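Below is one structure, written out as C-alpha cells, with a few remarks after it.
As the structure is a prediction and not an experimental result, all values here were calculated from the model. Basis for what follows: all heavy atoms, side chains included, without hydrogens, waters or symmetry-related copies.
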Amino acid sequence: MHPILQVLLTAHIVAGFTALGASLVATINKLANWSHRWHVLAGRIFFWSMAGIFATAVPLSIATRNLFLLLIAVFSFYLALAGWSFARNRTGKAAPLDWARVLLMLSSAVVMLLYGGYLLYRGDNDGITMLVFAVLGGLLSLKDLRILRAGGLTGKERIARHLTMMLAGGIATMTAFLVVNIQFSPTLVLWLAPTVVITPFIFFMQARVLKQP
C-alpha cells in the first residue's frame, strides 16, 4: 500500500475507534442523566471523529475504487452531520448546509439503490446491505426534507431528532467496527445486526425525550 494511503488508513481507524468510544460515552451519559457538559463534549468528539472518518474514507475509496465504502461513508457522515445540526440549531431555521446535506443524501440513496440492485444481480449479498442502507438513508433524508420545508424543529422535537440521528450514526460506527474486527459468515449479519438491535433503543429514547415536560 502507498505510504499516503497507509497514513489515511491509520487515521481512518483511529477516528473510528474514537467515534465509537465517544458515542458510547454520550449515550450512557444521556441515559443516566449525568452531566450535560460531558454529554456535549462526547457528542462533539463523536461528530468530529465522524468527520475524520468521512475525510479519510473518500480518498481511500477513490484510490481503491471501492464504491461501497464511499456510499457507506456518505451515509454515515450524513447521520452525524444531521445530528450535529439539530443540536446546534435551536431556532429551527434552515441553513444552506442543511439543504445541502439532505439533497446529498437523497441523491446518494438513489445511487445506493441502483448499486445495491447491481450487486444482487451479480450474486453479491452485500447488495442487501446496500439496499437496506439506501432505504434508511432515503427515509431519514425525506423526513429531514419535510422538516426543513415546514420551518424546522424546536424544543423537545428538536432534541428527539438530534438523538435519533446521532444514535443512527453510532449504529454506523458499531457496524464498521464489527465488520472489520469480527470474522463471521455471512457478513450480512454483521452489517445489519447493529441496526436491528439498536433501532428499538432509538425509539425508546425518542419517546423518553418527547414525554418530558
Side-chain angles (χ1 to χ4, degrees), residues 1-24 45-84 97 100-141 165-196 198:
M1 179 180 288
H2 192 280
I4 294 179
L5 294 181
Q6 186 61 57
V7 171
L8 288 173
L9 180 59
T10 301
H12 184 79
I13 294 171
V14 170
F17 275 102
T18 304
L20 179 62
S23 175
L24 291 174
I45 294 174
F46 172 74
F47 169 73
W48 288 111
S49 297
M50 292 294 285
I53 292 171
F54 178 71
T56 51
V58 171
L60 283 170
S61 61
I62 293 174
T64 58
R65 298 181 181 180
N66 192 333
L67 180 58
F68 190 94
L69 173 62
L70 178 61
L71 292 172
I72 294 298
V74 171
F75 173 60
S76 301
F77 185 57
Y78 162 74
L79 297 173
L81 181 58
W84 178 76
L97 181 61
R101 65 174 168 78
V102 169
L103 294 176
L104 175 61
M105 187 63 246
L106 282 173
S107 58
S108 297
V110 173
V111 176
M112 292 168 77
L113 282 172
L114 294 174
Y115 186 53
Y118 170 71
L119 291 176
L120 285 180
Y121 175 76
R122 289 177 46 194
D124 189 339
N125 285 334
D126 281 345
I128 298 176
T129 302
M130 185 56 61
L131 290 176
V132 169
F133 286 174
V135 172
L136 291 175
L139 291 175
L140 288 170
S141 54
M165 302 306 278
M166 284 299 212
L167 287 170
I171 289 177
T173 307
M174 178 64 71
T175 300
F177 174 81
L178 292 177
V179 171
V180 171
N181 294 283
I182 296 180
Q183 298 295 323
F184 189 87
S185 183
T187 56
L188 176 65
V189 174
L190 295 178
W191 276 108
L192 299 181
T195 299
V196 173
I198 300 177

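- Between the OG1 atom of Thr18 and the CD1 atom of Ile45 there is a distance of 8.5 Å, given to the nearest 0.5 Å.
- Across Met166 and Ala80, no two heavy atoms sit closer than the pair SD-O, 4.1 Å.
- Here the OG1-CD1 distance, from Thr195 to Ile171, works out to 5.0 Å after rounding to the nearest 0.5 Å.
- Applying the side chain to side chain contact (heavy atoms under 4.5 Å, CB included) test to Val110 and every residue at least two apart in sequence or in another chain returns Leu114.
- Applying the ring pair (Phe, Tyr, Trp, His ring centres under 6.0 Å) test to residues at least two apart or on different chains, the pairs with a partner in residues 48-74 are Phe54-Phe77, Phe68-Trp191.
- Nearest heavy atom pair, residue Gly52 against residue Ala15, reads C-CB, 4.2 Å.
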Starting from the C-alpha separation in whole Å, work towards a yes-or-no answer on side chain to side chain contact (heavy atoms under 4.5 Å, CB included) for Leu97 and Leu81.
-> CA-CA 9 Å; Leu97 181 61; Leu81 181 58; 4.1 Å; yes

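- Side chains of Leu71 and Phe133 form no contact here, defined as non-hydrogen atoms less than 4.5 Å apart.
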Walk me through it: do Phe184 and Leu178 pass the test side chain to side chain contact (heavy atoms under 4.5 Å, CB included)?
-> CA-CA 9 Å; Phe184 189 87; Leu178 292 177; over 6 Å; no

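- Looking at Thr173 and Ser23, their side chains never come closer than 4.5 Å, going by heavy atoms from C-beta outward.
- Rounding to the nearest 0.5 Å gives a distance of 5.5 Å between CG of Leu24 and CE of Met174.
- A heavy-atom distance below 4.5 Å is found between the side chains of Leu113 and Leu131.
- Here the shortest heavy-atom pairing between Met50 and Gly169 reads CE-O, 4.0 Å.
- Shown here for Arg101 and Ala82, the closest heavy-atom pair between the two residues is NH1-CB, 3.5 Å.
- Of all heavy-atom pairs spanning Leu119 and Gly127, the tightest one is CB-CA, 3.6 Å.
- Residues in residues 52-62 take part in these side chain to side chain donor-acceptor pair (under 3.5 Å) pairs, two or more places apart or across chains: His12-Thr56.
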Please lay out, stage by stage, how Met165 and Trp84 fare under the test side chain to side chain contact (heavy atoms under 4.5 Å, CB included).
-> CA-CA 8 Å; Met165 302 306 278; Trp84 178 76; over 6 Å; no

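- Taking CE of Met130 as the reference point, atom CG of Asn125 lies at 13.5 Å (rounded to 0.5 Å).
- Of all heavy-atom pairs spanning Leu5 and Leu60, the tightest one is O-CD2, 3.7 Å.
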Please step through side chain to side chain contact (heavy atoms under 4.5 Å, CB included) for the pair Asp126 and Thr187, ending with a clear verdict.
-> CA-CA 8 Å; Asp126 281 345; Thr187 56; 4.0 Å; yes

